[in-house]
Amino acid sequence: MKVGIVSYGGYVPTYRITPKEIGNVWGVDGDVISKGLRIFGKSVPSPDEDVITISVEAARNMIKRCEVDPQDVEAIYVGSESHPYAVKPTATIVAEAIGAVPNLTAADYEFACKAGTAAIQTCMGLVASKMIKYGIAIGSDTSQGAPGDALEYSASAGGASFLIGRENVIATINKTLSYTTDTPDFWRREGQMYPSHGGRFTGEPAYFKHVINCGRELLDAVGKTPEDYDHMVLHQPNGKFPVRAAKKLGFNDEQIKTGLLTPFIGNTYSGAVLLGLANILDIAKPGENIFVVGYGSGAGSDGFDITVTENIKKMDRGPNFSIQSMVDNKKFLDYATYAKYRGKIKLREV
Amino acid sequence: MAIPRFWRETPSRYNLIGTKCKNCDTIYFPPRLICPKCHRKSIGKLEPIKLKGEGEVITYTVIHDGPKQFEMQIPYIMAIIELDEGVRLTAQIVECESNEIKIGMRVKSTFRKLGEDGKAGVIHYGYKFIKA
Ligand SMILES: [Zn+2]
């Protein structure tokens, strides 16, 4: 049974802050951090934006450029580690806001940065088994790093939405495969505002182990080599890890280039690999092959082997929808305004 | 705001659903049950219509001393917007500085957080507008 992407849409908030501006506040040379992480700016949500508004905007951009009636969407899963409610699903609000209620199933997912790819896998299963006609998978986050913590330089906001179905797909998902272990590299306990992480432990035994093993197993499973792919995208907690992992897997700079957005907008967590994939689909040609491996701390990787179809030519990939236009549309904030917008300033109680 | 009232208004707040009088073709937002032009002739003839959310600024005001909930956003802009379908509504214009806003400026709707009932309460969502 062929399953694939029928439509997709993304959303990146307008505001940005630079590592230099953050570093100035903490007495650290932000330019050195910027070079170390290969992040030149990160997106910051407005005070009235959260995972729900970002998910709705991404889903609306996806629905607007396809002919699918939202009433035919029978499942919505939203993956995030920053859902606004601890109890009360993001997915129901998205469903209402795109006109998909009431005949559908909906739920929220959490798996650090890979909850969105897990949502795609769920939709693939439901669509392939013909339990549903269309499913929506969203990965979206407004992640926070504790003030002064290394994560503060990278944790950003954004999301992407994918419509999974059997007919009129703009890209076929040929194969998905996962690699999961119990690894405590990054976590956030209930009620804590900021996450904790295992410092250097987040590298080799966590990100690299899972991404590379998942990537190699995916190549084996589909019988392809890196040369068979036109584009590739990996989860990108910073601008360096994905490049190093891609090289280890045997991919080159040309293949990595389009999917790598973290240098310009920071790590959008659950949105990261999906926004990278959306940016690739924005320029991809029929017949091109795309290699995708996400990563979520805790830890696991989901891999996808994707082939673009002729239908992509019919899609509006212009400036109203393109990820690149969202990346380019930016306003820089100073740290004080950023702290105010992100709720890092303690106000008197109402 | 009371939860039931906000919940009843969800279709118009989330999706700009108004009503159209099938007797005289006038569009209303927020939705109405009776057309004030046609009165009894409009009974049962008002149908829901989804507005596109594109229009222009008719007039605006910059608010420097807003309610407590909005203190993170001041100064902010409230505007009367005329949608392309001909109806007018009041909404906040976001991501626009007070020196950027102009009468006649094209705007489009965006989905944003409108407010919340305190730290433990319900979060309200709906339309605001940004520069088109
Ligand atoms: Zn009338």
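Chain A is the first sequence line, chain B the second, and so forth, proteins listed ahead of strands; every chain is numbered from 1.
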Measure the NZ-CD distance between K340(A) and Q73(B) for me, rounded to the nearest 0.5 Å. 9.0 Å

Please round to the nearest 0.5 Å and tell me the distance separating atom CG of N329(A) and atom CD1 of I130(B).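 It comes to 8.0 Å.
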
Whether N15(B) side chain and E96(A) backbone form a donor-acceptor pair below 3.5 Å: yes

Flag, side chain of K88(A) to backbone of V122(B), donor-acceptor distance under 3.5 Å: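 Side chain of K88(A) to backbone of V122(B), a donor-acceptor pair under 3.5 Å: no, none is there.
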
Picking from G99(A), A97(A), G343(A), which has the most non-hydrogen pairs under 4.5 angstrom with chain B? A97(A)

Qualifying residue for side-chain hydrogen bond (donor to acceptor under 3.5 Å, both in side chains) with T110(B), from E57(A), E49(A), R60(A):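 With T110(B) as partner, E57(A), E49(A), R60(A) yield a single side-chain hydrogen bond (donor to acceptor under 3.5 Å, both in side chains), made by E57(A).
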
Under the side-chain contact (heavy atoms from CB on, under 4.5 Å) criterion, do Y125(B) and V56(A) qualify, and how do the steps go? CA-CA 11 Å; Y125(B) 295 93; V56(A) 168; over 6 Å; no

Heavy-atom closest pair (E95(B) atom, S46(A) atom, distance to 0.1 Å) is OE2-OG, 2.9 Å

More than 12 heavy atoms of other residues, nucleotides or ligands under 6.0 Å from CD1 of I345(A): is that the case? yes

Neighbour count >12 (heavy atoms, 6.0 Å) for atom CG, D25(B): yes

With a 4.5 angstrom heavy-atom cut-off, is it the side chain or the backbone of K50(B) that approaches chain A, or both, or neither?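 When you check distances to chain A, no heavy atom of K50(B) falls under 4.5 Å.
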
D48(A)/R112(B) ion pair, N-O < 4.0 Å: yes

Could you give me the CA-CA distance, side-chain angles and deciding distance for F111(B) and I93(A), then say whether side-chain contact (heavy atoms from CB on, under 4.5 Å) is met? CA-CA 11 Å; F111(B) 191 81; I93(A) 299 172; 4.2 Å; yes

